[in-house]
Amino acid sequence: MFRDKWCGELRDTSAGSNVNLAGWVFRRRDHGGLIFVDLRDRSGIVQVVFSPDVSVEAHGLAHDLRSEFVISVQGEVRCRPEGTVNTDIATGRVEIYASKLVVLNESAPLPFTLEDAAEASEMLRLKHRYLDMRRPELQRNFIIRHKAAKGVRDYLDENGFLEIETPMLTKSTPEGARDYLVPSRLNPGNFYALPQSPQIFKQILMVAGMERYFQIVKCFRDEDLRSDRQPEFTQIDIEMSFTDQSEVLELVEGMIGRVFSDVLDISLEKKFEVLTYKDAMERFGSDKPDVRFGMELTDMADLAKASSFKVFLDAIESGGRVKAILGKGMAGLSRKDVDMLTEDAKAFGAKGLAWIKVKGGFESPIAKFFTEEIMKQMAERVKAEEGDMILFVADTDSVVHNVLGRMRLDLAKKLNLIPEGFKFLWVTGFPLLEWNDDEKRYAAMHHPFTSPTDEGIAKMLQMPDEVFGAKSESPELSSLTAKAYDLVLNGYEVGGGSIRIHRKEIQRRMFSLLGISDEEANEKFGFLLDALQYGAPPHGGIALGLDRLVMLMVGAASIREVIAFPKTQKASCVMSGAPSVVDQKQLRELYIKLNLPL
RNA sequence: GGGGCGGUAGUUCAGCUGGUUAGAACGCAUGCCUGUCACGCAUGAGGUCGCGGGUUCGAGUCCCGUCCGCCCCGCCA
């Protein structure tokens with residue numbers, strides 16, 4: 001036995017007792033006569049004193065200790081002498097007088113310091129992730145991640161859910177993200193796909209009468225990375241039978257509430273705020289708005305109409321919008337600052353940015369197009385006060401919302417308007433379909449198994465066949481709403497789900513609506529369609545992004561801080577070197593010939 | 001596919017309009033030190049300035065290309 005106590009648990013109540021500890025040398029302070037070592041294990045740090053008065057041998061050995069040597073120590077816990085207590089650490093009232101020291105392993109000098117003060121570059125941290133993970137911050141992240149996952153399991157278990165595994169080697173399906181493919185040796189020329197989510201399998205588990213399923217499971221999507229997106233990530237995947245939207249929301253609210261209270265000791269509001277997709281877009285210009293602060297998008301069309309500003313008038317004339325946000329305290333911005341804002345707006349897709357400063361009257365290049373009275377009403381509507389600035393975008397509906405939605409976030413960050421805390425939000429009533437202008441077809445906004453609303457189903461069943469697979473956008477189809485819902489936390493989408501289609505003929509109609517022929521549907525999704533004809537119960541569910549949720553819980557800026565071995569933006573692992581070339585032999589076994597670009 | 005930022009000692013960085021021997025702090029090594037806790041003191045070692053090419057009498061610095069990392073757009077049902 002190497003140890004009988006953890007470093008971080010020692011208090012003055014243990015004074016006088018003999019303990020065995022094991023861990024890493026965090027810091028060594030060698031005074032010649034006395035040597036102090038901060039010994040670290042996962043639980044924390046405790047000071048070990050090596051004195052020739054206690055053990056000449058241990059003291060001699062301690063001279064050669066270096067950072068991150070692995071040692072075990074036997075010694076007496078003593079209260080520290082008057083005036084030497086360290087209030088910065090939990091164990092600061094005691095120290096261990098070492099009677100025995102064993103060096104279990106030495107360590108080469110580290111490529112970077114483990115002290116949090118000087119952060120190493122992320123690449124270096126990832127290359128030596130085993131060192132990075134020794135840092136208390138990362139240890140805390142993984143403890144919280146573990147507790148969150150455990151809270152989820154406990155809660156779902158108590159609510160009658162069964163954790164059931166689904167295959168990792170599965171079938172490539174059209175729609176959605178790019179698949180990671182795995183060649184099949186036994187079936188030359190054929191490939192498995194790694195799951196983008198267990199969607200179809202969990203629906204089939206409902207047909208199988210499992211009624212309540214969950215899984216904490218890796219999913220894979222071969223798309224470009226972001227600070228909140230990794231090619232492999234973990235979902236809390238949930239599906240239940242005989243359910244409806246409100247029951248799913250209630251379940252998740254309970255689960256999240258439980259996790260936040262268990263793990264962070266934070267009690268959330270019992271019911272989360274609910275916004276429709278339409279309201280979210282109108283008010284915040286985003287389907288995943290951060291609602292911790294206001295700065296809402298304000299419609300200015302009626303007032304803009306009363307102006308002689310052609311840009312505004314044209315936008316309204318052609319069915320577009322004129323909306324504004326309030327730039328709190330931004331009237332002092334220089335010409336250059338405003339130019340930069342305009343560049344931002346253009347980068348987000350706007351043709352330009354109009355503005356009015358409230359600065360002892362109204363100051364604006366477009367002031368001449370407005371009466372004083374109109375500008376006064378505009379200012380009142382966005383609650384602009386002296387020193388503020390009103391920012392306008394006029395364009396199509398989607399451009400206005402996208403640009404102002406992004407600027408709202410950007411400016412709020414710059415102006416420090418976003419309060420700390422956790423604000424959950426449901427976004428519901430998503431459109432069922434999204435027109436893809438490049439491919440001249442509709443795509444499912446959520447996924448093709450999402451149920452339309454009841455009215456939507458009725459409409460769909462009545463629509464003439466010509467509507468399906470239409471090559472142009474149809475107002476009828478665009479207005480269909482889905483029984484889908486997203487869970488948003490502080491501006492991040494942390495979950496999404498829906499009530500599913502459980503009747504075969506509706507699923508078939510859905511496929512044809514998406515321009516997927518009966519033949520293709522049978523080939524790609526035949527197993528689901530088959531299953532649906534044998535008494536599939538009504539069902540629905542949700543999937544939550546565990547990585548994102550934990551990232552927000554620990555206050556990290558990137559998902560990589562809560563993943564043990566994350567990948568870089570080029571989806572490589574700098575520690576293992578994956579991905580890498582493989583032997584010709586391996587390729588031959590798989591009947592694969594490379595065709596690389598020059 | 002596109003935009004932006006970065007790559008100099010083991011680490012974090014500085015290095016101006018091109019100019020002598022490329023610096024600092026921390027870390028590392030050796031020695032001294034019995035109350036430190038970012039211990040202190042003394043001495044010392046340590047550099048392919050990401051890589052390749054070009055301009056120039058001369059390139060860490062300018063130009064072109066390329067690789068890598070980060071942020072964002074597109075993409076992510």
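Per chain, numbering begins at 1; letters A, B, ... match sequence-line order.
Nearest-nucleotide mapping onto RNA chain B: of Val85(A) and Ala177(A), the residue sitting toward the 5' end is Val85(A).
Judged by Watson-Crick or G-U wobble contacts below 3.5 Å, the nucleotide C70(B) has G4(B) as its partner. Here G44(B) sits opposite C28(B) as a Watson-Crick or G-U wobble pair (both hydrogen-bonding atom distances under 3.5 Å). In this structure, A14(B) forms no base pair with any nucleotide, since neither Watson-Crick nor G-U wobble geometry is met with both distances under 3.5 Å. Summarising the base pairing, A22(B) is matched to no nucleotide, lacking a Watson-Crick or G-U wobble pair whose two defining distances lie under 3.5 Å.
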**Prompt:** Going 5' to 3' along nucleotides 69-74 of chain B, which nucleotides have protein heavy atoms under 4.0 Å from the base (write B), which only from the sugar-phosphate (write S), and which from neither (write -)?
**Reply:** SBBSBB
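Residue contacts shown for Ala444(A) are limited to sugar-phosphate atoms, with no base heavy atom under 4.0 Å away. Using a 4.0 Å heavy-atom criterion, one finds that Ser121(A) contacts the sugar-phosphate atoms exclusively. Residue Glu82(A) is out of contact with every strand shown, counting any heavy-atom pair closer than 4.0 Å. Among the heavy atoms of the strands lying under 4.0 Å from Asp53(A) is at least one base atom, whether or not backbone atoms are also near. Counting non-hydrogen atoms under 4.0 angstrom, Pro448(A) reaches a base of the nucleic acid.
The interatomic distance linking Leu124(A) (CG) with G7(B) (P) rounds to 15 Å, in whole Å. Summarising the geometry, the separation between CZ on Arg80(A) and P on C39(B) is reported as 13 Å, rounded to the nearest angstrom. We find that CZ of Arg28(A) is positioned 15 Å from C1' of A38(B), with the value rounded to whole Å. As rounded to whole Å, 16 Å separates atom C1' of C39(B) from atom CG of Leu65(A). In this structure, Glu434(A) places its CD atom 12 Å from C1' of C76(B), rounding to the nearest Å. Atom pair Lys127(A):NZ and U11(B):C1' shows a separation of 14 Å (rounding to whole Å applied). Atom CG of Leu39(A) and atom P of C37(B) are 19 Å apart (whole Å). What separates CD of Glu95(A) from C1' of G35(B) is a distance of 8 Å, to the nearest Å.
Rounded to whole Å, the separation between the C1' atoms of A24(B) and A9(B) comes to 11 Å. Annotation: C70(B) and A29(B) have their P atoms spaced 31 Å apart (nearest Å). The separation of C5(B) from A42(B), taken at their C1' atoms, amounts to 42 Å, rounded to a whole angstrom. Separation of the P atoms belonging to A14(B) and U34(B) is 41 Å when rounded to the nearest angstrom. With P as the reference atom, G10(B) and G50(B) are 13 Å apart, rounded to whole Å. One P atom belongs to A45(B), the other to C62(B), and the distance between them is 32 Å to the nearest Å. Taking atom P in both U12(B) and G65(B), the straight-line distance is 28 Å, to the nearest Å. Separation of the P atoms belonging to C63(B) and A25(B) is 32 Å when rounded to the nearest angstrom.
Between Lys413(A) and Asp410(A) there is no salt bridge, since no side-chain nitrogen of the basic residue lies less than 4.0 Å from a carboxylate oxygen of the acidic one.
For the atom pair Gln230(A) CD and Gln569(A) CD, the distance stands at 10.0 Å (nearest 0.5 Å). Atom-to-atom distance recorded for Asn436(A):CG and Glu473(A):CD is 10.5 Å, nearest 0.5 angstrom.
A donor and an acceptor atom, one from each side chain of Ser55(A) and Tyr97(A), are nowhere located under 3.5 Å apart. Looking only at atom types and distance, the side chain of Gln235(A) has no donor-acceptor partner in the side chain of Ser197(A) under 3.5 Å away.
Residues meeting the ring-ring contact (aromatic ring centres under 6.0 Å, His included) test with Phe449(A), sequence neighbours left out: His447(A), Phe525(A). Every residue meeting the ring-ring contact (aromatic ring centres under 6.0 Å, His included) condition with Phe36(A), not counting sequence neighbours, appears here in chain and number order: His31(A).
Counted within 6.0 Å of CZ on Arg66(A), heavy atoms from surrounding residues, nucleotides or ligands total more than 12; the atom is thus considered enclosed. The number of heavy atoms from other shown groups lying within 6.0 Å of CD (Glu57(A)) does not exceed 12.
In terms of phosphate contacts, Arg29(A) brings a side-chain nitrogen or oxygen within less than 4.0 Å of OP1 or OP2 of C39(B). Considering only side-chain N and O atoms, Arg178(A) lies nowhere under 4.0 angstrom from the phosphate OP1 or OP2 of C75(B).
At a cut-off of 3.5 angstrom, the base of G4(B) holds no donor-acceptor pair with the side chain of Glu343(A).
Counting only distance, with no hydrogens or angles, the side chain of Arg125(A) and the backbone of Ala120(A) share no donor-acceptor pair below 3.5 Å.
Put simply, Phe112(A) does not rest on the base of U11(B): the two rings are not both less than 5.5 Å apart at their centres and under 30° in tilt. Per the stacking criterion (ring centres < 5.5 Å, plane angle < 30°), His31(A) stacks onto the base of C39(B).
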